[in-house]
Amino acid sequence: MTNEERQYLIGFANEARKRAYAPYSNYRVGAALRTKSGRIYTGVNIESAAYPTTMCAERVAVYKAVSEGEHEFEAIAVVTDNGGTPCGSCRQVLAEFGLDTVVIIADAGGKIHHEMTVRELLPGAFTPDDLPRT
Ligand code: THU
């Protein structure tokens, strides 16, 4: 992935982040997921007055992509104020669709704090390969 491609994806995540619905935490998260087919799906965190029903930006992006028939991902950019990393649930959902997806973690200024694969982000992940098939 070139630096230009990274910044392009981060730009999408940052733009999406403006649409985060985070009235309770005020912690706004934007994500942009690039599929192998070259499409980009964005996501934002969506909070709820019933706190546990809040949904993270990364999973919104993945669910949007999957609901459009996309299962193969290349990279996801996640943008927050401080370069926070994806939560455990988001790591698990990303792992479902491949351990090689690159995760770019950046802040609102476009600075990359971490870049790693889902394999590195969730070592020893439980994946579809762990389930016996009939
Ligand atoms: N959040 C995300 O959107 N992604 C993560 O991986 C970590 C947490 C959101 C959920 C909640 O709206 C806010 O950040 C604070 O936890």
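In listed order, ligands and their atoms are each counted from 1.
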Practice item. Output the list of atoms in ligand 1 that are nearer than 4.0 Å to some heavy atom of Pro86, sorted by atom number. Key: 6 (O)
Check your understanding: Closest non-hydrogen protein atom to atom 9 (C) of ligand 1, residue and atom name please, with distance?
Key -> Asn45 ND2, 3.6 Å
Point to revise | ligand 1 N/O within reach of Glu58 N/O, cut-off under 3.5 Å | key: yes
**Study point:** Heavy-atom side-chain contact between Cys56 and Ser89 under 4.5 Å
**Key:** no
Point to revise | Under 4.0 Å to a heavy atom of Cys87 - the qualifying atoms of ligand 1, by number | key: 5 (C), 6 (O)
Exercise for review: In sequence, state the C-alpha distance, the side-chain angles, and the governing distance for Val44 and Arg28, and then conclude on side chain to side chain contact (heavy atoms under 4.5 Å, CB included).
Suggested key: CA-CA 8 Å; Val44 299; Arg28 305 167 78 80; over 6 Å; no
Do any side-chain atoms of residues 123-132 form donor-acceptor pairs under 3.5 angstrom with protein atoms, and if so which ones, sequence neighbours left out?
from, atom 1, to, atom 2, distance (Å)
Thr127, OG1, Asp129, N, 3.3
Asp130, OD2, Thr127, N, 2.8

Under 3.5 Å donor-acceptor pairs involving side-chain atoms of residues 93-111, not counting sequence neighbours:
from, atom 1, to, atom 2, distance (Å)
Asp100, OD1, Arg119, NH1, 2.5
Asp107, OD1, Gly109, N, 2.9
Asp107, OD1, Gly110, N, 3.3
Asp107, OD1, Lys111, N, 3.1
Asp107, OD2, His113, NE2, 2.8

Exercise for review: Name the option, out of Met55, Arg17, Arg28, Glu47, that contains the heavy atom nearest to atom 12 (O) of ligand 1.
Suggested key: Glu47
Review point. Between Val29 and ligand 1, is there a nitrogen or oxygen pair with a distance under 3.5 Å?
Key: no
Exercise for review: Among all protein heavy atoms, pick out the one at the shortest distance from atom 16 (O) of ligand 1; state its residue, atom name and that distance to 0.1 Å.
Suggested key: Tyr27 CD2, 4.9 Å
Review point. Side chain to side chain contact (heavy atoms under 4.5 Å, CB included) between Thr42 and Glu15: does it pass, once the steps are laid out?
Key: CA-CA 9 Å; Thr42 59; Glu15 195 56 33; over 6 Å; no
Review point. With a 4.0 Å cut-off, would you call Glu68 and Arg39 a salt bridge?
Key: no
Exercise for review: Give a yes or no answer on whether the side chain of Arg34 reaches the backbone of Glu74 with a donor-acceptor pair at less than 3.5 Å.
Suggested key: no
Review point. Does Cys56, backbone or side chain, put an N or O under 3.5 Å from an N or O of ligand 1?
Key: no
Practice item. Please report which non-hydrogen protein atom sits nearest to atom 3 (O) of ligand 1, along with the residue it belongs to and the distance in Å to one decimal place. Key: Ala57 N, 3.0 Å
Check your understanding: With atoms numbered from 1 as shown, which atoms in ligand 1 lie under 4.0 angstrom from a non-hydrogen atom of Thr54?
Key -> 10 (C), 11 (C), 12 (O)
Review point. Is any side-chain heavy atom of Thr54 less than 4.5 Å from a side-chain heavy atom of Tyr24?
Key: no
Exercise for review: Kindly confirm or rule out an N or O of Ser25 lying under 3.5 angstrom from an N or O of ligand 1.
Suggested key: no
